[in-house]
Every structure is written in C-alpha cells, then in structure tokens.
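Some notes on the structure that comes next.
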Amino acid sequence: MKPDWSRLVDEPGVSVNFPPVENGIDYLRDVVDRLARRDASPVAPRDLKYAVLHLQAATEVLLKYRLALEHWSLVVEKLDLAKTSKGKQITQERFDRGDFLSCSPGETVLRLQNIVGVSISAEEESAIRSLAKSRNALQHYGLTDTEGTIESRAAEVLDFLIRFLDEELLPELAEEQRDRVEDDLEYIRTGLARIRGFVKQRMERLQVELAPFEDRTLECPNCRQWALVAGGEEGTTCLFCHVTLDPKLTAWDYANNILHLPWRDAPRTHHLFSQPATPPIDPCPNCFEEALVAGVVTYSLKDQPTSFCFDCGVAFRDR
C-alpha cells in the first residue's frame, strides 16, 4: 500500500499558517519534489533554480529558529541593537512582527557554534556557505551551474538539515507539532535517498573515464565528488559537474572549501600599515604558475597528501 502524501496545506481555501519548523520543512519538501525524480530523466532548469532558492530558504529558517529558541535577540543582525535603550532598538515586540534585519547565513552558523554550542563540521559549514553563494548569485545577477553540482550539493545540505532537525529542533517541539511534521520528514528522507542514488549511479558511470587520470583526480570543491581531473593538456575539468574550470581559481576553491586553509598574513612593512592577507597558494616549481597547494589528496594516493599544481597537474611529494 502506497503512503498517502496528501497534506492539508495543499488544499485550496485553507488559512495560511506556517510556523518556523513547518515552514522550513515545507521548503525542503519542495526541494525533494523538484530534484528526486524516479527515473533517469534530467531535471528541468527551472526546477534546479527553485531547488537552490528553497533549500537556502529552509536552511535560514531552521537555523535561525534554533537561535531564537536560545534567545530571540541572537537572530538580530546587530546584537547591540537588541540591547540599546533608545533610537533604533529592536524589541521583542518588533521581533515578533518581523520588523528587523536578521543575521547573515555565515553569522548564523558562527552564533550557533560559539553561543549555542551546536556542532557543525567544517564540511557542513562549507556546504552551507556554497549554497548561500549560489542563492545570492541566482537572486542578484543570475546563476550558471550544472544539474549534477546542484543535486550533489543539495544532498549534502539536506543530509545536514535532517540531522539538525532530529538533534536540535524536533526535541524542542511539543508532541502535537512533531506529529504534524512526521509524514513530511519521511517524505523528505525518501527523496534524499533517491537524490543520493542518482549521485552514486552517475559516479559509477564515470569510473571508466576517470581511471586513466587517478594520479590527477581530486575531490571537486563545487560538487564534492571525486571527479575533478586537474592540470595536464586537457585542462582542469570536473567530469561530474561537466565543466572546465580555471586552474588558479580552482586551487583557491580547493584550499578554501576542501582543506579549509586560512589565508596567510603578509609581513608588516610599516609600523602603521600591513599588506593584505594572501591565499595559501604558491608558485609551481614545474610550470611557475601560482597554482600549487600543499596538502592535496589525489584519488591514487588518498593516504599521502602532496603539494599539487592545479595548472600542470604535477604532484611534489617531497616538498
């Protein structure tokens, strides 16, 4: 017997009532509807577009609601405005009306980690940050991305949000509220399994193409699949994303999104002034391009990090 996925909120004439957790879960359900197809047919560009927008909306709603459970003032963009006694003070009354600016996605993560004590890994934080960048690009000047990249990234964020719901939000809800979202969560988990299945199936098909380049195959900083063939005559290309990338920009993205390396402080040249920090990228001894990153792991040597050039594809294991 097939489960009944019909919902009261889908019926015409019903009053609009989306409390924060139910609102976030409703966004996630729409993401699953758009991405988790049941066959091998491609996802329409419009569905990819709204999947990005609604996944980002869900992320913000759910993470900020956890801040609000700790204290409503943690959601306000500038914490001092919730403390001042006059002028532009944000009161709880204004907060309840939605009359305020909320903190950014990055600041939301920091407050959850540092004030509330929520565990968010570097990989999860990077996935949230990448999603926010995609949403901003789409909202303000347009987005060009591939189906595989969006689905892979969506699977990562969906996986995190389900854990976040299970550990941080659902235990705080009344039993009646948990019962209302139970069917939707089962629907989302089922859809996530289908999205993961698509990613796995596609990676299995790519193994033959990737086999000759195992010493230059890396984890892609965009889709997070082991499908980035870096350097060489073919250029730097992710076979999963199906795009050719700029080697130097890819080196920066890898250092930031995969290795989470901090930028280097430049030496102070004057007692009042200092140079801006620089990315952790070095000139390559082979091709002399600024595309060498230390600590890179290739598919052929996953247990032996190397200094790898994203431009010429040469690894320097003794560096």
Side-chain angles (χ1 to χ4, degrees), residues 21 24-25 27-28 31-32 35 51-52 54-70 74-75 103-136 148-172 185 188-189 191-193 195-196 199-200 203 218-228 238 240-241 250-263 279-280 293-299 302-305:
V21 173
I25 289 174
Y27 277 127
L28 294 181
V31 172
V32 165
L35 296 183
V52 169
H54 291 171
L55 185 56
Q56 174 62 18
T59 303
E60 290 205 43
V61 167
L62 296 174
L63 268 58
K64 288 177 182 179
Y65 182 63
R66 180 62 184 89
L67 283 179
L69 288 177
E70 196 73 13
L74 292 177
V75 185
C103 53
S104 68
E107 182 64 23
T108 299
V109 171
L110 286 176
R111 293 181 188 183
L112 285 170
Q113 292 171 318
N114 299 334
I115 299 176
V116 183
V118 173
S119 174
I120 300 176
S121 70
E123 290 75 19
E124 291 168 337
E125 185 177 350
S126 179
I128 294 168
R129 188 167 57 244
S130 295
L131 174 66
K133 287 169 63 178
S134 294
R135 178 266 176 197
N136 287 342
T149 304
I150 291 174
E151 290 202 304
S152 180
R153 193 178 296 152
E156 266 194 301
V157 178
L158 275 168
D159 189 63
F160 160 71
L161 288 177
I162 287 175
R163 177 184 72 78
F164 186 80
L165 279 160
D166 287 340
E167 296 178 3
E168 299 291 339
L169 293 182
L170 296 184
E172 303 295 330
L185 283 173
I188 292 164
R189 288 189 174 97
L192 174 58
I195 296 171
R196 281 178 176 155
V199 172
K200 181 181 178 182
M203 280 302 299
L218 317 173
E219 185 178 0
C220 175
N222 294 319
C223 67
R224 301 304 185 87
Q225 302 303 314
W226 284 85
L228 178 70
C238 177
F240 189 90
C241 298
T250 306
W252 286 27
D253 287 343
Y254 188 94
N256 185 41
N257 295 338
I258 302 297
L259 299 180
H260 312 293
L261 297 177
W263 281 40
V293 180
V296 173
V297 177
T298 63
Y299 189 83
K302 288 187 176 180
D303 58 343
Q304 297 180 33

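The first residue of the sequence shown is numbered 1, and numbering continues consecutively from there.
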Task: Residue pair Arg129, Val109: steps toward the side chain to side chain contact (heavy atoms under 4.5 Å, CB included) verdict - done: CA-CA 9 Å; Arg129 188 167 57 244; Val109 171; over 6 Å; no
TODO: Apply side chain to side chain contact (heavy atoms under 4.5 Å, CB included) to the pair Thr108 and Glu60, showing each step before the final yes or no.
DONE: CA-CA 8 Å; Thr108 299; Glu60 290 205 43; 6.0 Å; no
Task: Check against salt bridge (charged side-chain N to carboxylate O under 4.0 Å, His left out), Glu124 and Arg163 - done: CA-CA 11 Å; Glu124 291 168 337; Arg163 177 184 72 78; 3.1 Å; yes
Task: Ser134 vs Arg153, side chain to side chain donor-acceptor pair (under 3.5 Å): CA-CA, chis, key distance, verdict - done: CA-CA 10 Å; Ser134 294; Arg153 193 178 296 152; 2.7 Å; yes
- [ ] Output, in order, the C-alpha distance, side-chain angles, deciding distance and verdict of side chain to side chain contact (heavy atoms under 4.5 Å, CB included) for Val116 and Leu74.
- [x] CA-CA 10 Å; Val116 183; Leu74 292 177; 4.3 Å; yes
- [ ] Evaluate the criterion side chain to side chain contact (heavy atoms under 4.5 Å, CB included) for residue pair Ile258 and Arg224; output intermediate values, then yes/no.
- [x] CA-CA 8 Å; Ile258 302 297; Arg224 301 304 185 87; 3.7 Å; yes
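Here the CG atom belonging to Asn256 is positioned 8.5 Å from the CG atom belonging to Leu261, to the nearest 0.5 angstrom. Taking CG from Leu69 and NZ from Lys64, the interatomic distance works out to 14.5 Å, rounded to the nearest 0.5 Å. Remark: Leu131 CG to Gln56 CD distance equals 4.5 Å, nearest 0.5 Å. To the nearest 0.5 Å, atoms CG (Leu55) and CG (Leu158) are separated by 5.5 Å. Rounding to the nearest 0.5 Å places CD of Glu70 at 8.5 Å from CD1 of Ile115. Here the straight-line distance linking atom OG1 of Thr59 with atom CG of Leu28 works out to 7.0 Å at 0.5 Å rounding.
In terms of heavy atoms, Cys241 sits closest to Asn222 at SG-CB, 4.2 Å. Across His260 and Ala122, no two heavy atoms sit closer than the pair CE1-O, 3.5 Å. Across Tyr27 and Ala58, no two heavy atoms sit closer than the pair CB-CB, 3.6 Å. Contact record, Val293 with Val296: O-CG2, 3.4 Å, taken as the closest heavy-atom pair. Here the closest non-hydrogen pair linking Glu219 and Trp226 is N-CE3, 3.6 Å. Nearest heavy atoms, Thr149 versus Cys223: CA-CB, 4.0 Å.
Phe240 has its side chain out of reach of Cys220: every pair of non-hydrogen atoms, C-beta onward, lies at least 4.5 Å apart. Two residues are said to be in side-chain contact when any heavy atoms from C-beta on lie closer than 4.5 Å; Val32 and Leu192 fail this criterion.
Screening Leu63, Asp159, Leu170 for a side-chain contact (heavy atoms from CB on, under 4.5 Å) involving Phe164 leaves a single residue, Leu63. Ile188 pairs with exactly one of Ile162, Val31, Leu161, Leu165 by the side-chain contact (heavy atoms from CB on, under 4.5 Å) rule, that one being Ile162.
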